[in-house]
Amino acid sequence: MSVQVENKAIKPPLTNIGVIGWIRHNLFNGYLNSLATILIFILLIQLVPQFVQWAFIDSVWFTSGKECHQVEGACWSVVTQNIRFNIFGYYPYEHQWRPLVAMIILVSMLIYSRDWKKWSRKLGYTWLVALFSMGVLMKGGLFGLVSVESTKWSGLPLTLLLSFFGILASYPLGVVLALGRQSRLPIIKAFCVVYIELIRGVPLITLLFMSSVMFPLFLPEGVTIDKVLRAQTAIILFTAAYIAEVVRGGLQALDKGQYEAAESLGLTYWQKMRLIILPQALKIVIPPTVGILISAFKDTSLVVIIALYDILNTTKSILNVPEWTGFSTEAYLFVAAIYYFCCYSMSRYSKKIEKELEYKADT
Amino acid sequence: MKTTQSAEEKPNGQPIIEIIEMHKWYDEFHVLKDINLQVQPQEKIVVCGPSGSGKSTMIRCINRLEEHQRGKIIVNGTELTRDLKNIEKVRAEVGMVFQHFNLFPHLTILDNLTLGPIWVRKMPKKEAEELAMHYLEIVRIPEQANKYPGQVSGGQQQRVAIARSLCMKPKIMLFDEPTSALDPEMIKEVLDVMVDLAKEGMTMIVVTHEMGFAKTVADRVIFMDFGEIVEENEPNAFFDNPQHERTQLFLSQIL
């Protein structure tokens with residue numbers, strides 16, 4: 001039996017839709033908000049033209065440091081004239097195409113793999129080849145490439161290297177630690193708890209110091225472990241502890257019934273985790289996980305403390321040259337833009353994944 | 001406590017489930033007290049009792065979602081003990097249907113069904129899918145195969161959950177209040193599927209308050225209260241002539 005319903009829909013009042021509606025709704029929605037809108041508007045009028053004047057109108061782009069001191073506006077020359085040192089640091093000048101190619105390979109691989117539906121065994125092998133060729137390009141010593149000590153690795157390639165492998169290795173390690181912390185086996189559980197609490201209890205700087213100063217003292221005479229590798233390890237161990245706690249949150253947020261249903265089907269522990277629990281738990285914790293990964297990316301700048309020259313430290317070195325002292329604002333803005341670009345990309349990517357994993361109409 | 005004879009009624013054959021003097025505690029709290037139960041292959045048992053009486057806990061002990069602390073539980077010839085290495089083997093033979101369905105929300109209905117056969121039974125994917133479709137037809141929702149659990153109704157979800165268990169071709173099916181989370185109009189569709197299953201000869205232990213179901217299907221009805229089996233009888237006698245005072249009180253409240 002169907003009932004005819006007359007369509008009585010009429011248009012909403014004009015003041016509620018369109019531009020006026022939007023302005024009312026978003027900018028002047030109540031006294032306090034109206035006040036905030038006006039204050040912010042005034043502030044913007046004061047600041048934006050000044051910034052534009054400084055950054056673009058009065059600025060110079062390709063001058064020497066001396067000429068820069070004569071101008072009122074921004075001296076972007078500090079960036080443009082030192083760009084190669086800023087990006088590549090102490091990597092031998094004539095070989096700097098090598099880290100450049102390595103970075104291009106890394107970025108294109110990342111862009112290519114961003115759609116997880118494309119992930120396959122073949123792509124995995126491609127990654128192995130890519131990683132190997134990046135290693136060869138950076139290190140040299142093969143295929144007629146001159147060997148370059150890892151102590152010379154610096155600038156943006158170092159930052160990307162430390163963050164990429166830091167994130168890549170700490171994520172699975174963190175997941176394993178989180179599972180270990182929930183283990184029924186007392187020794188495994190105790191180890192994971194102690195590890196997580198110990199690492200979270202100290203600042204990253206301490207770990208970096210220990211890896212670079214204290215750790216070599218315990219090694220037998222003549223044995224040395226690469227400094228970059230030690231810093232890398234410290235970053236991985238540190239980040240993993242934080243990931244572990246976030247993942248544990250996801251594991252606990254899952255309904256107990258999911259564990260029970262998986263168990264009663266006869267799945268083994270690892271099948272249960274891999275097929276049922278982790279796919280759901282890791283999805284829940286995407287936002288905090290990405291938060292940790294982003295801060296791990298930025299924390300790589302702390303390697304300055306053990307005299308590794310990441311992109312922030314090469315910038316600092318440039319500013320120590322008398323010709324360029326005083327232009328730190330410009331130089332740091334440039335580095336900030338690079339960091340922002342990377343972090344924002346990560347953030348956007350996580351949003352995208354979250355959306356794709358959203359299964360329709362949750363119960 | 002009083003139990004009527006049960007093992008004597010069906011003297012032939014080995015019981016598929018045997019619970020002997022089983023006790024369970026949650027810390028200090030004594031949830032199950034001296035439980036004795038034998039279930040023959042193809043027998044259908046309905047367990048009822050007030051909430052908190054230990055009925056769910058008892059059937060959850062049978063596939064060791066809960067551990068018991070004293071006594072013996074022997075399922076399909078294997079005794080459930082603490083150092084049992086492959087509890088998975090026992091669980092694969094014991095299907096379980098939960099009150100809240102517990103379907104895997106990140107998988108399609110078809111994938112929910114094929115998961116067990118593929119990973120536990122090592123069945124080829126294609127074969128597992130055919131099996132899954134077969135059981136979806138038995139529970140009467142083959143057209144929903146490619147939807148996600150969140151997209152179908154509660155009654156349909158519970159039928160998917162039953163089909164998921166059946167895909168493992170279990171020897172025993174446990175039902176833990178399968179209809180208590182459902183809207184009234186959906187209860188029947190689930191019970192119908194369970195009645196079909198009973199007619200096929202499945203060994204079933206069902207915790208439920210659906211007394212109509214108990215009357216039509218059960219070989220025995222067990223009444224539990226305060227962690228004990230208070231009374232046990234075949235359905236007609238159980239409903240028409242309850243022996244124990246607590247059983248009479250309970251039946252007067254729910255009928």
Side-chain angles (χ1 to χ4, degrees), chain A residues 1 116-117 119-121 175 179 182-189 247 249-287 289 350 352-363, chain B residues 56 59-60 62-67 82 85-108 111-122 147-154 156-157 160-161 164-170 172-174 176 181:
Chain A
M1 187 169 51
W116 55 277
K117 283 172 202 125
W119 294 2
S120 62
R121 185 152 298 193
V175 171
L179 293 178
Q182 293 207 321
S183 171
R184 277 195 210 158
L185 306 171
I187 297 178
I188 293 180
K189 182 175 176 153
V247 171
L251 291 173
Q252 285 173 347
L254 263 202
D255 182 38
K256 229 177 107 215
Q258 292 292 311
Y259 290 84
E260 290 177 351
E263 280 163 18
S264 66
L265 276 179
L267 296 178
T268 63
Y269 175 83
W270 288 109
Q271 288 173 339
K272 171 180 76 176
M273 285 301 164
R274 215 190 96 201
L275 301 166
I276 308 298
I277 306 301
L278 286 177
Q280 297 183 64
L282 295 182
K283 187 203 151 229
I284 299 176
V285 296
I286 285 176
T289 308
S350 82
K352 180 175 161 267
I353 290 190
E354 240 180 293
K355 241 198 177 135
E356 283 172 357
L357 289 182
E358 215 163 72
Y359 25 83
K360 306 122 219 170
D362 251 306
T363 30
Chain B
S56 292
I59 71 163
R60 287 161 59 86
I62 294 171
N63 69 350
R64 210 168 171 72
L65 288 179
E66 306 275 358
E67 286 178 20
R82 177 161 289 225
K85 277 288 173 294
N86 35 14
I87 181 70
E88 293 87 17
K89 283 230 173 79
V90 178
R91 283 175 176 158
E93 305 302 334
V94 182
M96 177 105 180
V97 176
F98 299 88
Q99 183 177 2
H100 296 288
F101 334 132
N102 296 352
L103 294 175
F104 306 128
H106 61 303
L107 301 176
T108 61
D111 289 341
N112 263 277
L113 266 64
T114 55
L115 190 90
I118 289 176
W119 292 93
V120 181
R121 301 280 192 227
K122 311 290 176 209
K147 288 194 179 167
Y148 284 86
Q151 294 172 299
V152 302
S153 76
Q156 291 177 325
Q157 289 193 40
V160 172
R164 178 175 68 179
S165 292
L166 292 177
C167 279
M168 292 295 291
K169 301 232 170 102
I172 304 160
M173 283 286 283
L174 307 174
D176 188 0

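Bear in mind that the values here come from a model prediction, so they are computed numbers and not experimental data.
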Residue pair B/R64, B/R82: steps toward the side chain to side chain contact (heavy atoms under 4.5 Å, CB included) verdict:
CA-CA 10 Å; B/R64 210 168 171 72; B/R82 177 161 289 225; 4.2 Å; yes

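Of the listed residues B/L115, B/I87, B/N63, the one with more heavy-atom pairs under 4.5 angstrom with chain A than any other is B/L115. In terms of heavy-atom pairs under 4.5 angstrom with chain B, the leader among A/L267, A/L265, A/T268 is A/L265.
A/K256 contributes atom NZ, which lies 9.5 Å from atom CD of A/E263 (distance to the nearest 0.5 angstrom).
Residues B/M173 and B/L166 have side chains in contact (heavy-atom distance under 4.5 Å, counting atoms from C-beta outward). Contact annotation: the side chain of B/L65 approaches that of B/M96 to within less than 4.5 Å [non-hydrogen atoms, C-beta and beyond].
For a residue to count as touching a neighbouring chain, one of its non-hydrogen atoms must lie under 4.5 Å from one of that chain's; by this rule B/F104 touches chain A with backbone and side chain alike. Contacts between B/L103 and chain A at a heavy-atom distance below 4.5 Å involve the backbone alone (N, CA, C, O). For A/Q271, the part lying under 4.5 angstrom from a heavy atom of chain B is the side chain only.
In summary, B/E88 and B/R121 do not engage in a salt bridge, as defined by a charged side-chain N under 4.0 Å from a carboxylate O.
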